[in-house]
Amino acid sequence: MRTIPKISSLFAVVAAVLFTIETKAQAQEEQPLKPEYLRHWRIGYGLNLGIPFNNDYNFTLGADARLQYDITTKTSLAFTTGYTHLFSPDKDSGFIPAKLGFKSFLGNQYYVLGEAGAAFGVTKELGNSFLWAPGVGIATKHIDISLRYENYSDFDLGQISLRLAYGFSSKKINNYQNSKLKNKTQSKK
């Protein structure tokens with residue numbers, strides 16, 4: 001089967017990345033958070049193109065929306081949902097993923113992301129499935145490009161997916177949250 005060598009190679013790459021991250025984390029001293037750091041929300045909209053490991057499908061195409069909450073300057077929680085379409089010569093299928101994830105920046109732009117959740121089939125061929133997706137990416141102020149592996153255990157399907165996204169800060173939410181935080185800080189003085 002052609003998927004076993006690909007999955008083995010992918011796990012080797014992920015293990016090497018995680019080992020590098022762990023080594024880098026141990027080498028650096030932990031720096032305290034700046035008291036003036038104000039947490040904020042980000043919203044992103046992305047297009048996804050994937051190559052499935054299941055021989056029944058040729059490729060996948062999807063769109064998603066991601067809501068991200070920055071815990072610190074280097075870590076974030078993410079909720080992602082959207083629609084993914086599986087293209088096949090015989091019969092196409094589709095599903096709606098709903099994932100929660102954790103994003104950790106390794107520098108100013110590069111990050112690793114781990115997500116887990118459910119995929120809800122929208123055709124009779126697909127029911128519901130647990131899904132998990134480790135990935136790596138690069139994010140600027142507005143552009144986010146990531147590469148991830150997604151596995152859908154009950155669909156007997158895995159894929160490598162490239163995500164191109166546009167994101168922005170949700171200023172209305174951030175301004176409300178920041179004013180509450182400032183009020184708390186001022187009331188403690």
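For CZ of F168, the number of neighbouring non-hydrogen atoms (other residues, nucleotides, ligands) closer than 6.0 Å is greater than 12. Around atom CG of D156, no more than 12 heavy atoms belonging to other residues, nucleotides or ligands sit under 6.0 Å away. Atom CG of N108 has 12 or fewer heavy atoms from other residues, nucleotides or ligands within 6.0 Å.
With salt bridges taken as basic N to acidic carboxylate O contacts below 4.0 Å, none links R42 and D144.
Inter-residue side-chain proximity for L77 and I71 is flagged as met; some heavy-atom pair is nearer than 4.5 Å. Counting heavy atoms from C-beta on, the side chains of I96 and T84 never come closer than 4.5 Å.
Geometric assessment of K74 against the ring of F105 yields a negative cation-pi assignment under the 6.0 Å and 45° thresholds.
Evaluation of the salt bridge (charged side-chain N to carboxylate O under 4.0 Å, His left out) test over residues 44-64, restricted to residues two or more places apart or in two chains, returns D64-R163.
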Does the pair L49 and L164 meet the rule for a side-chain contact (heavy atoms from CB on, under 4.5 Å), with working shown? CA-CA 9 Å; L49 179 63; L164 303 173; over 6 Å; no

Quick one, Y149 with F53, criterion side-chain contact (heavy atoms from CB on, under 4.5 Å). Give me CA distance, side-chain angles, the key distance, then yes/no. CA-CA 10 Å; Y149 171 74; F53 293 123; 3.3 Å; yes

Kindly indicate, with the supporting measurements, whether the criterion side-chain contact (heavy atoms from CB on, under 4.5 Å) is fulfilled by L106 and V136. CA-CA 10 Å; L106 306 175; V136 295; over 6 Å; no

Trace of the side-chain contact (heavy atoms from CB on, under 4.5 Å) decision for F155 with F95: CA-CA 10 Å; F155 297 164; F95 60 87; 4.1 Å; yes

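Across all their heavy atoms, S88 and Y57 have their closest contact at CB-CD2, 3.8 Å. Here the closest heavy-atom approach between residue Q159 and residue G50 is recorded as OE1-CA, 3.4 Å. The two residues Y111 and I138 come nearest to each other via the heavy atoms CE2-N, 3.6 Å. G121 approaches N128 most closely through the heavy-atom pair N-OD1, 3.6 Å.
How far OG of S161 is from CD of E150: 5.5 Å, rounded to the nearest 0.5 Å. Atom OG1 of residue T80 and atom CD of residue Q68 lie 8.5 Å apart, to the nearest 0.5 angstrom. Remark: S76 OG to R66 CZ distance equals 10.0 Å, nearest 0.5 Å. Atoms CG and OG, on L131 and S153 in that order, are 8.5 Å from each other to the nearest 0.5 Å. Residue N151 holds its CG atom at 7.5 Å from OG of S129, rounded to the nearest 0.5 Å. A distance of 11.5 Å separates CG in L147 from CG in L113, rounded to the nearest 0.5 Å.
Placement of F120 and L100 in two distinct hydrophobic clusters is found when ILVMFWY residues are connected by side-chain heavy-atom separations under 4.5 Å, directly or transitively. At a threshold of 4.5 Å between side-chain heavy atoms, the hydrophobic network of Ile, Leu, Val, Met, Phe, Trp and Tyr places Y110 and F102 in one connected group. Cluster membership check: Y69 shares its hydrophobic cluster with L67, using side-chain heavy-atom separations under 4.5 Å among Ile, Leu, Val, Met, Phe, Trp and Tyr.
Side-chain atoms of T60 do not come within 3.5 Å of backbone N or O of H85 as any donor-acceptor pair. Although no hydrogens or angles enter the test, the distance criterion places no donor-acceptor pair under 3.5 Å between the side chain of S146 and the main chain of G137.
Note: Y166 and H142 have parallel aromatic rings, judged against thresholds of 30 and 60 degrees for the angle between ring planes. Under the 30°/60° scheme for interplanar angles, the aromatic rings of F87 and F59 are found to lie parallel.
Annotation: W132 is not in aromatic contact with Y152 [ring centroid separation under 6.0 Å not met].
Under the side-chain hydrogen bond (donor to acceptor under 3.5 Å, both in side chains) rule, E115 has a single partner from R148, K103, K99, which is K99.
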